[in-house]
Undergrad: 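Take this structure, written in structure tokens, and hold onto it; I'll ask about it next.
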Amino acid sequence: MAKPSTLYIYNTLNRRKELFVPRREGTVKLFTCGPSVYREQHIGNYRTFLFEDILQRYLEYQGFDVERGMNFTDIEDKAVAESKSTGHTLSELTQPVIDSFFESSKLLELSLPKPGIPRATEVVSEAVSLVQRLLDRGHAYRHTDGNIYYDPLSYPGFGEVFGLDMSNWPTKRVRFAKDTYDGRRWNRGDFVLWHGNLPDDGFSWDTDLGRGRPAWNVQDPAIILSSLGSEIDIHCGGIDNLYRHHDYNRAVMEGAFGTEFCPYWAHGEHLIVEGKKMSKSRGNVMYPSQILKRGYSPHTIRLSLTYIYYREQLNMTDEHLQNTARLLSRLQKSVDVLMQPQAPTEQAPTEKNGQQRPEWEAQRTDRMIEEIPTVFRLNMDNDLRVKSAVDDLTRLLEHIQRRASVTGLSKSQSTRIRTHMSKLNEVLRILRIE
RNA sequence: GGCGCCGUACCCAAGUGGUAAGGGGGAGGUCUGCAAAACCUUUAUUCACCGGUUCGAAUCCGGUCGGCGCCUCCA
């Protein structure tokens, strides 16, 4: 019998911190937006993946069985363009990126979906059936150019994740000045589901919809459908996809099935470097391997990327890395000491009345040891405050350590500390616990 | 214009209505041949501002000022 969740998570959909309650007791269906694999993932991408990793691991810590879905976006406009311009096949372009993603995931101890991560090109038939459903239900239309678009006006909940004001949305079918599809769509907000009428050039499939390829906006839904079904519990991703993309996912799923797709939406803020947004033109795009080369341990990198509250921008600086390394070594030191029983090494200060009660002292230490999981849960339940959790744990352990030098630490006490720390380290994954 | 975030000591920063964590830096001390490291002590009568709710507000509500991000598929 699974215990109820005690996790409060900020739900973008309702703009409130809410108690997380899954649809089915004991099980969580979690979808996290995966990487576009036409180019290398930087530490900003990994920050988001790590926030999702912590979320998954914390749910598991609470006793939930987490079914996780994730995608590799291996075909969309940019990948196709890149592939064509370099003369590589799609898989020649994406495979090295995927390999490097798995390598970094291992380095950072990212938990990934157990059944694997499907590529968008592997779920084309699901995408086709989704588009077909949307056509059948009147949410999508085929334009004269062969593309298929979604009409947001057909779906009342459109824009709720981002918070779009649909009240003054034009209801007349007109073209818009900022029309990204070259005047081919009919209305603002109509978004493409299917690129049709394509040549047979290795970037298209022969399907019931004709020759074409699924657009980015239908790939996540297709992967969600194939791995988790049409109803999930939590949808995660980077903040940048909050505008449009996540509302598109929701519109596609709810339009196609007519049921609530997902009640909880969580978004990770961006990482910046030395106060500046990462960009190729600025030349400050950072990769995990670069930090590793600077001498920081994988655990330090992992903590530096998860320490700061996920809904705040993280400013990656040298100082931040140094502080993280220092903090981590303090914590590790305390853990190392406290996992061994010890005899008192200092003379207990003589009390005024001269009485020492060793068994009382031991009980006080016991109580402090039992605070370890409490302190951890309290902070993690509060929308995954890793920073507060780590800070409080460090202080608590150092406090226990100071007591232990006076009162000693029994074998059973050190064993309990080891058990607690080892369990919560399954979530944080920043400590060596032999 | 729209959506969102943020203003807490010299700096970074936690604070989920009950009386301001922590870290860095600074200052003083212990130790030391000197230095470093380590350890100890110290460092906000007050949370941008103004109202309101409350027995009680950094925390909630309204407003003002200031900073920031996003608004063409970039996590």
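Since the model is a prediction, treat every value here as computed from it, not as a measurement. Quick note: numbers below take in every heavy atom, side chains included, and nothing from hydrogens, waters or symmetry partners. Lettering of chains follows the sequences in order, A, B, ..., and the numbering in each one begins at 1.
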Undergrad: Within the stacking criterion (centroid distance below 5.5 Å, interplanar angle below 30°), does A/H270 stack on B/rA75?
TA: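 Yes; by the centre-distance and plane-angle rule, A/H270 counts as stacking on B/rA75.
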Undergrad: If the C1' atom of B/rC70 is compared with that of B/rC49, how far apart are they to the nearest Å?
TA: 27 Å
Undergrad: Tell me: CG of A/N71 to P of B/rA75, nearest whole Å?
TA: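 Going from A/N71 (CG) to B/rA75 (P), I get 10 Å.
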Undergrad: May I have the distance from A/W265 (atom CH2) to B/rC3 (atom C1'), rounded to whole angstrom?
TA: 16 Å
Undergrad: Using whole Å, report how far CG of A/L271 lies from C1' of B/rC74.
TA: 13 Å
Undergrad: Of A/E269 and A/R311, whose closest RNA chain B nucleotide lies nearer the 5' terminus?
TA: A/R311
Undergrad: For A/R68, is there an ion pair with A/D53 - N to carboxylate O distance below 4.0 angstrom?
TA: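 No, this pair does not count.
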Undergrad: Could you walk me through whether A/L50 and A/Y310 pass side chain to side chain contact (heavy atoms under 4.5 Å, CB included), step by step?
TA: CA-CA 9 Å; A/L50 279 166; A/Y310 74 91; over 6 Å; no
Undergrad: What is the distance, rounded to the nearest whole Å, between atom CD1 of A/I308 and atom P of B/rC5?
TA: 18 Å
Undergrad: Could you tell me the separation between the NE2 atom of A/H267 and the C1' atom of B/rC3, rounded to a whole number of Å?
TA: 12 Å
Undergrad: Charged N to carboxylate O under 4.0 angstrom, A/K333 versus A/D336?
TA: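 A/D336 and A/K333: not salt-bridged.
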Undergrad: Looking at A/D201 and A/K84, is any side-chain nitrogen of the basic one under 4.0 Å from a carboxylate oxygen of the acidic one?
TA: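 A salt bridge is present here (some side-chain N lies under 4.0 Å from a carboxylate O).
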Undergrad: Considering only atom C1', compute the distance from B/rU46 to B/rG15 and round it to an integer number of Å.
TA: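 Here B/rU46 and B/rG15 have their C1' atoms 14 Å from each other.
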Undergrad: Using the C1' atoms only, state how far B/rG29 lies from B/rG67, rounded to an integer number of Å.
TA: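 Per the computed distance, 41 Å lies between those C1' atoms.
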Undergrad: For a side chain to side chain contact (heavy atoms under 4.5 Å, CB included) check, start with the C-alpha distance between A/H245 and A/C33, then their side-chain angles and the critical distance, and finish with the verdict.
TA: CA-CA 10 Å; A/H245 180 56; A/C33 268; 4.2 Å; yes
Undergrad: Respond yes when some side-chain nitrogen or oxygen of A/R395 is under 4.0 Å from OP1 or OP2 of B/rG23, and no when none is.
TA: no
Undergrad: Would you indicate, yes or no, if B/rC5 has its OP1 or OP2 atom less than 4.0 angstrom from a side-chain nitrogen or oxygen of A/Y10?
TA: yes
Undergrad: Quick one: is B/rC74 close enough that its OP1 or OP2 comes under 4.0 Å of any side-chain N or O from A/K78?
TA: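 For A/K78, the contact criterion (side-chain N or O under 4.0 Å from OP1 or OP2 of B/rC74) is met.
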Undergrad: The side chain of A/R385 is closest to which nucleotide in this list: B/rA75, B/rG15, B/rC74?
TA: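 Among B/rA75, B/rG15, B/rC74, the one nearest the side chain of A/R385 is B/rG15.
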Undergrad: Taking atom CD of A/E370 as the centre, report whether more than 12 heavy atoms of other residues, nucleotides or ligands fall under 6.0 Å from it.
TA: yes
Undergrad: Decide, yes or no, whether a salt bridge links A/E109 with A/K106 under the criterion of side-chain N to carboxylate O below 4.0 Å.
TA: no
Undergrad: How far, in whole Å, is B/rC73 from B/rC10 if one measures between their C1' atoms?
TA: 44 Å
Undergrad: If we take the C1' atom in both B/rA58 and B/rU19, what is their distance in whole Å?
TA: 11 Å
Undergrad: Does the side chain of A/L292 reach to within under 4.5 Å of the side chain of A/P298, using non-hydrogen atoms?
TA: yes
Undergrad: Separation of A/M286 atom CE from B/rC74 atom P, in whole Å?
TA: 22 Å
Undergrad: What's the closest nucleotide to the A/R326 side chain, out of B/rA21, B/rG24, B/rC73?
TA: B/rG24
Undergrad: Grab the CD1-P distance between A/I43 and B/rC74 for me, whole Å please.
TA: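 So the two atoms are 19 Å apart, to the nearest Å.
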Undergrad: In whole angstrom, give me the gap between the C1' atoms of B/rA9 and B/rC3.
TA: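 Nearest-Å result for B/rA9 against B/rC3 at atom C1': 33 Å.
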Undergrad: Any base atoms under 4.0 Å from A/E312, or only sugar-phosphate, or nothing? Heavy atoms, all strands.
TA: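 Sugar-phosphate contact only.
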Undergrad: For A/G237, report the nucleic acid contact type (base, sugar-phosphate, nothing); a contact means any heavy atom under 4.0 Å.
TA: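 Touches sugar-phosphate only.
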Undergrad: Tell me: CG of A/N241 to C1' of B/rU72, nearest whole Å?
TA: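 Rounded to the whole Å, the gap is 13 Å.
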Undergrad: Checking contacts here: which listed nucleotide (B/rA13, B/rA21, B/rG15) is nearest the side-chain heavy atoms of A/K387?
TA: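 Nearest to the side chain of A/K387 among the choices is B/rA13.
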Undergrad: Could you give the distance separating B/rU32 and B/rG24 at their P atoms, to the nearest angstrom?
TA: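 Taking atom P in both B/rG24 and B/rU32, they lie 24 Å apart.
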Undergrad: On a whole-Å scale, what distance lies between the P atoms belonging to B/rA36 and B/rG26?
TA: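 B/rA36 and B/rG26 have their P atoms separated by 11 Å.
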Undergrad: If you check every side-chain atom of A/R330, which of B/rG23, B/rC73, B/rG15 has the closest atom?
TA: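 Nearest nucleotide to the side chain: B/rG23.
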Undergrad: Dot-bracket notation for RNA chain B is requested: 5' to 3', Watson-Crick or G-U wobble pairs only, both distances under 3.5 Å, with ( ), [ ], | and . as defined.
TA: ((((((((.[[[..)..(...]]]((((((.......))))))....[[[[[..)....]]]]])))))))....
Undergrad: Counting side-chain heavy atoms from C-beta on, which of B/rA14, B/rA21, B/rA75 comes nearest to A/S388?
TA: B/rA14
Undergrad: So A/Y46 and A/T48, do their side chains get closer than 4.5 Å, heavy atoms only?
TA: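 In short, these two side chains do not touch, never coming nearer than 4.5 Å.
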